[in-house]
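The next block holds one structure in the form of structure tokens; read it before the comments.
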Amino acid sequence: MSKPFYVTTAIDYSNGDPHLGHALEKVGADVIARWHRLQGHPVHFVMGMDEHAQKVLQAAEAADTTPQQWVDRMSARFEQAWQVLECSHDDWMRTTQPRHAEGVKALIARIQARHPDAFYEGEYEGLYCVGCEEFKSESQVVDGRCVEHPSRDLVPTRERNTFFRLSAWRDEVLRRITSGELVVAPDIRRNEILRVLEGGLIDISVSRSRLPWGIPFPGTDDQTVYVWFEALMNYVSATGFPEADWESLWPADVHVVGKGITRFHCCIWPAILLAAGLPLPRAVWAHGYVQWDGAKVSKSEGTGVSLADAINRHGPDALRYFLLREIGFTADGDFSFDRFDAVYASELADGVGNLASRVLAMVVKYRDGIVPSGDADPGLSDGIRAAAAHYRQAMDATEFKRALEELGSLVRVANAFITTAAPWTLAKTGDDVALDRALRALSEAVLVIGVMMAPFMPEKSAALLAALGRDGTPAWRDADAPDLGGARVAKPDNLFPKDPPAAA
RNA sequence: GGCUGGGUAGCUCAGCUGGUUAGAGCACGGCACUCAUAAUGCCGGGGUCGCGGGUUCGAGUCCCGCCCCAGCUACCA
């Protein structure tokens, strides 16, 4: 058995509700996972929660509850959202789980064993906000004041911390990325990271005192592992590290993250792994953000669209489609209900849905629901083959927009073919051979479309494939070499119903 | 300030190493068809390719300068 394709998403901060920005990342990662499963590869897909942040402590206090109760609640809320969105994760990783603490401890110990000088005691100096009870970075400071507590002074504070000798790994990390051993994609992110590395890396402090809500730093009494340093390690602790068998999963094939945290994943994380003597992930994919009228839909702002509204608009499958079709998985993109409605109507209802309806209705009407066994009309088969090949190429490159364009283009090609072939005329004139060839080719076009839909719209794909007599797990071979000769098909309910006027 | 990416039809974008009348989808207008979720197909209108120079027989595509937008600029996942 080959090693499973191991794909991860960023784990989310437990201090607010899941929103569209999170959803894009999870759905995109899910599409990657499903794309590999579609091809018959074993897949291990992990998502989860980052639960040790200072803000979690504050949020729990504000909600008058304990941190553990708070993160339990958030975890349930997030995972439920991803279930509604049909995310097919195999594991739900939480940084408060014992296995994570074990993994972090073991990983740090392993680094210490291999490189005794990897960690050293140093002094961290920063601006401390008493209101937030935390250090502030430059971007959080405006006019020398904390943006959250502008009425208070920031106190320059020093703290004894453990530092990680990040600088020592600069050359090797740079080499791995340049050589392509560690793929950073898309290109714009790769450039960004290369530039950072060329500029050099400085050591970073990786522990904090006075923060009890965290994992104790091995070898210290009063320090905890700084949250993001620890959080990165979830990808390894999720494999069961250090217990036997973790190597059957590691290294990850791709870490799916937001563009804002590429640096952590492409500079710091590889350095940690190098220090520990573990293989590096094969790739980091940094997607863009969902914007709402050009503004970032951020965790902190909380403005914009509610995830529930977006899901309820046309159902989870349609939202998945829209996010990756319109916003994509590379650059930023705008979300708006006007666009969503327009795309739903033209591409899903009038496009895919209507094509499936008309083709299956004709097979039922002219051939009693049995797909003819003779040859398919090459006039359409060639187009089907080309679309499948292009789609596959796009999927392998994680270019979801382009993949879905191919799907749309196959719909158009099939529709145009119907007009040209005019099966209703062939039926009237009794041209059985031509009618058989046309119906077989059209049925197979619908089959290929159903397979192409599978990673993006699992439920709708299953419904369509079932109507074609393909129950069970979708398989790429049905797109690669579609063969429906003799299959019994039925006209399904409208795949993508248009909203009744009253409900709109 | 520095670095990176981008500015192409009303909207979202494609245009690889420069080469005939600059493309697609959506939206809009006309025509056709009836298998279909008043769906689909065909045709059409619509662009100073950010601005100004330059190289070249020829530039959206290369060079220089400028303007505008977005992102990054290290301990905020």
Side-chain angles (χ1 to χ4, degrees), chain A residues 10-13 15 22 25 50 53-55 124 126 132 134-141 147-148 161 163-164 166 186-196 198-206 208 226-229 231-232 257-265 267-268 288-289 291 294 296 298-300 325-328 331-334 336 338-339 342-343 345-366 401-402 405 408-409 411-412 414-427 438-439 442 491 493-498:
Chain A
I11 50 178
D12 296 308
Y13 236 175
N15 66 343
H22 294 115
E25 171 172 302
D50 178 11
Q54 171 81 37
K55 292 204 175 94
Y124 176 72
C132 299
E134 68 178 353
F135 286 98
K136 292 292 164 183
S137 64
E138 271 182 45
S139 57
Q140 294 171 294
V141 177
V147 282
E148 315 264 342
N161 285 146
F163 278 70
F164 174 60
L166 180 62
D187 282 345
I188 180 173
R189 301 301 153 221
R190 185 169 186 271
N191 290 343
E192 225 168 80
I193 291 303
L194 287 176
R195 190 114 328 89
V196 169
E198 282 158 11
L201 297 174
I202 59 169
D203 296 345
I204 50 174
S205 81
V206 295
R208 280 292 180 273
Y226 198 38
V227 277
W228 51 258
F229 190 70
L232 284 166
V257 300
K259 65 180 185 180
I261 54 174
T262 31
R263 169 170 308 208
F264 291 96
H265 287 80
C267 298
I268 300 175
Y289 292 141
Q291 307 198 314
K296 179 181 165 187
S298 77
K299 300 147 198 171
S300 46
R325 161 75 176 131
E326 191 71 6
I327 290 159
D332 296 352
D334 230 45
S336 80
D338 282 351
R339 269 307 279 172
V343 167
S346 77
E347 298 184 9
L348 295 180
D350 297 346
V352 175
N354 183 243
L355 176 68
S357 279
R358 62 195 307 211
V359 168
L360 294 175
M362 284 191 280
V363 176
V364 169
K365 180 168 182 175
Y366 300 132
K401 262 187 171 183
R402 201 153 62 80
E405 257 165 47
S409 122
V411 169
R412 266 188 295 283
N415 273 326
F417 174 83
I418 293 176
T419 304
T420 309
W424 48 91
T425 304
L426 300 175
L439 291 180
L442 282 167
K491 192 183 168 194
D493 292 337
N494 284 356
L495 267 185
F496 300 100
K498 291 194 175 177

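Labels below follow one simple rule: chain letters A, B, ... track the order of the sequence lines, proteins then strands, and each chain is numbered from 1.
- Using a distance-only test at 3.5 Å, with no hydrogens or angles considered, no donor-acceptor pair links the side chain of E326(A) to the main chain of R339(A).
- Distance check on atom C1': G45(B) versus C26(B) gives 16 Å, rounded to whole Å.
- Comparing atom distances between the Y13(A) side chain and each of A77(B), G71(B), U37(B) picks out A77(B) as nearest.
- When heavy atoms are screened at a 4.0 angstrom cut-off, R189(A) is found touching the sugar-phosphate backbone but no base atom.
- Nucleotide C51(B) forms a Watson-Crick or G-U wobble pair with G65(B), both donor-acceptor distances falling under 3.5 Å.
- Taking every side-chain heavy atom of F163(A) into account, C75(B) is the closest of C33(B), A77(B), C75(B).
- Applying the Watson-Crick and G-U wobble criteria (two distances, each under 3.5 Å), U17(B) pairs with nothing in any strand.
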Show your working on side-chain contact (heavy atoms from CB on, under 4.5 Å) between V363(A) and K491(A) and close with a plain yes or no. CA-CA 9 Å; V363(A) 176; K491(A) 192 183 168 194; over 6 Å; no
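- Checking side-chain atoms of D332(A) against main-chain N and O of Y289(A) turns up a donor-acceptor pair under 3.5 Å.
- Sequence order on RNA chain B of the closest nucleotides to V352(A) and D332(A) puts V352(A) first from the 5' end.
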For every nucleotide of nucleotides 22-32 of chain B, 5' to 3': is a protein heavy atom under 4.0 Å from its base (B), only from its sugar-phosphate (S), or from neither (-)? ---SS------
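- Distances shorter than 4.0 Å separate some side-chain N or O of Y226(A) from OP1 or OP2 on C76(B).
- Among the heavy atoms of the strands lying under 4.0 Å from R263(A) is at least one base atom, whether or not backbone atoms are also near.
- C57(B) and C67(B): their P atoms are spaced 32 Å apart (whole Å).
- At a threshold of 4.0 angstrom between heavy atoms, the contacts of L355(A) with the nucleic acid are absent.
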N/O donor-acceptor pairs under 3.5 Å from side chains in residues 416-423 of chain A, not counting sequence neighbours:
residue	atom	partner	partner atom	Å
T419(A)	OG1	N415(A)	O	3.3
T420(A)	OG1	A416(A)	O	3.0

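- The side chain of K491(A) places an N or O atom within less than 4.0 Å of a non-bridging phosphate oxygen (OP1 or OP2) of U37(B).
- Residue contacts for N191(A): at a heavy-atom cut-off of 4.0 Å it reaches the sugar-phosphate backbone alone, with no base atom in range.
- In the set G41(B), U37(B), C76(B), G41(B) carries the atom at the smallest distance from any side-chain atom of N415(A).
- No contact: G260(A) has no heavy atom under 4.0 Å from any strand.
- Across all strands shown, G351(A) has no heavy atoms under 4.0 Å from either base or sugar-phosphate atoms.
- Taking every side-chain heavy atom of F496(A) into account, U37(B) is the closest of C75(B), U37(B), C35(B).
- For N354(A), counting side-chain heavy atoms from C-beta on, the closest listed nucleotide (A39(B), C75(B), U37(B)) is A39(B).
- A gap of 15 Å separates the C1' atoms of G30(B) and G46(B), to the nearest Å.
- Contact annotation for Y366(A): backbone-only contact, meaning every heavy-atom pair under 4.0 Å involves sugar-phosphate atoms and none involves a base.
- Residue K401(A) places none of its side-chain N or O atoms closer than 4.0 Å to OP1 or OP2 of A14(B).
- I268(A) comes within 4.0 angstrom of no nucleic acid atom, judged by non-hydrogen atoms across all strands.
- Among the atoms of the strands shown, only primed sugar atoms or phosphate atoms (P, OP1, OP2) are found under 4.0 Å from some heavy atom of T419(A).
- U56(B) and C64(B): their C1' atoms are spaced 16 Å apart (whole Å).
- Taking for each of L201(A) and F229(A) the nucleotide of RNA chain B with the nearest heavy atom, the 5'-most of the two is the partner of L201(A).
- The separation of G2(B) from G44(B), taken at their C1' atoms, amounts to 50 Å, rounded to a whole angstrom.
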Are F264(A) and V257(A) close enough, and set up right, to give a side-chain contact (heavy atoms from CB on, under 4.5 Å), and what steps lead you there? CA-CA 10 Å; F264(A) 291 96; V257(A) 300; over 6 Å; no
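- Side-chain contact between N494(A) and N354(A): absent, with no pair of heavy atoms (C-beta onward) separated by less than 4.5 Å.
- Nucleic acid contact for A416(A): sugar-phosphate only, since backbone atoms but no base atoms lie under 4.0 Å from a heavy atom of the residue.
- Side-chain atoms of D50(A) do not come within 3.5 Å of backbone N or O of D12(A) as any donor-acceptor pair.
- Taking atom P in both G15(B) and C62(B), one finds a spacing of 13 Å when rounded to whole Å.
- Both distances falling under 3.5 Å, in either a Watson-Crick or a G-U wobble arrangement, place C26(B) opposite G10(B).
- Contacts of D350(A) with the nucleic acid, taken as non-hydrogen atoms under 4.0 Å apart, involve only primed sugar atoms and P, OP1 or OP2.
- The P atoms of G65(B) and G5(B) are separated by 15 Å, rounded to the nearest whole Å.
- Going from the P atom of G19(B) to that of C33(B) covers 42 Å, rounded to whole Å.
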